[in-house]
Amino acid sequence: MWYVYIIKSIVRDYYTYIGSTNNILRRLREHNDGLVKSTYPYRPLEYDAYVAVKTEMKARQLAKYLITGSR
């Protein structure tokens, strides 16, 4: 199972990040431990939403769709 997730900064209301992973608990921990350069300054972070999909390809397509907008 793969997940597309949206996380938000607890201390900065305007910051959100969209990504995909096959281990949702590990990935949030990586973000909060400062291992992800793009989210490092916005820690701590929490999940705002996530959705499960069957394949990595579907997860990446959905994440890209959410990032770029539906047009």
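Placement of I7 and L25 within a single hydrophobic cluster is found when ILVMFWY residues are connected by side-chain heavy-atom separations under 4.5 Å, directly or transitively. A continuous path of Ile, Leu, Val, Met, Phe, Trp and Tyr side chains, each step under 4.5 Å between heavy atoms, connects Y65 with V53, placing both in one hydrophobic cluster.
When every heavy atom of W2 is checked against every heavy atom of K54, the shortest pair comes out as CD1-O, 4.3 Å. In terms of heavy atoms, A52 sits closest to M1 at CB-SD, 3.6 Å. Closest approach of Y17 and S38 over heavy atoms only: CE1-OG, 3.4 Å. Scanning both residues, R43 and H31, for their nearest heavy atoms gives CD-O, 3.4 Å.
Taking CG of N23 as the reference point, atom CD of E30 lies at 8.0 Å (rounded to 0.5 Å). Put simply, CD1 on I6 and CG on L45 are 13.0 Å apart, with the number rounded to the nearest 0.5 Å.
Here D13 pairs with nothing under the side chain to side chain contact (heavy atoms under 4.5 Å, CB included) rule; sequence neighbours left out. Every side chain to side chain donor-acceptor pair (under 3.5 Å) that E56 has, sequence neighbours left out, goes to R60. Under the side chain to side chain contact (heavy atoms under 4.5 Å, CB included) criterion, P44 pairs with I10, V11, N32, not counting sequence neighbours. With sequence neighbours excluded, the residues that form a side chain to side chain contact (heavy atoms under 4.5 Å, CB included) with K64 are T68. Every residue was checked against the side chain to side chain donor-acceptor pair (under 3.5 Å) condition with S20, not counting sequence neighbours, and none meets it. Remark: L66 pairs with V4, I18, L62 by the side chain to side chain contact (heavy atoms under 4.5 Å, CB included) rule, at least two apart or across chains.
Residues L28 and Y5 form no side-chain contact, since every pair of their non-hydrogen atoms from C-beta on lies 4.5 Å or further apart.
Dense packing is recorded around OH of Y47, with more than 12 heavy atoms of other residues, nucleotides or ligands lying under 6.0 Å away.
Ring geometry, Y3 versus Y50: the interplanar angle exceeds 60°, so the pair is classed perpendicular (tilted spans 30 to 60°).
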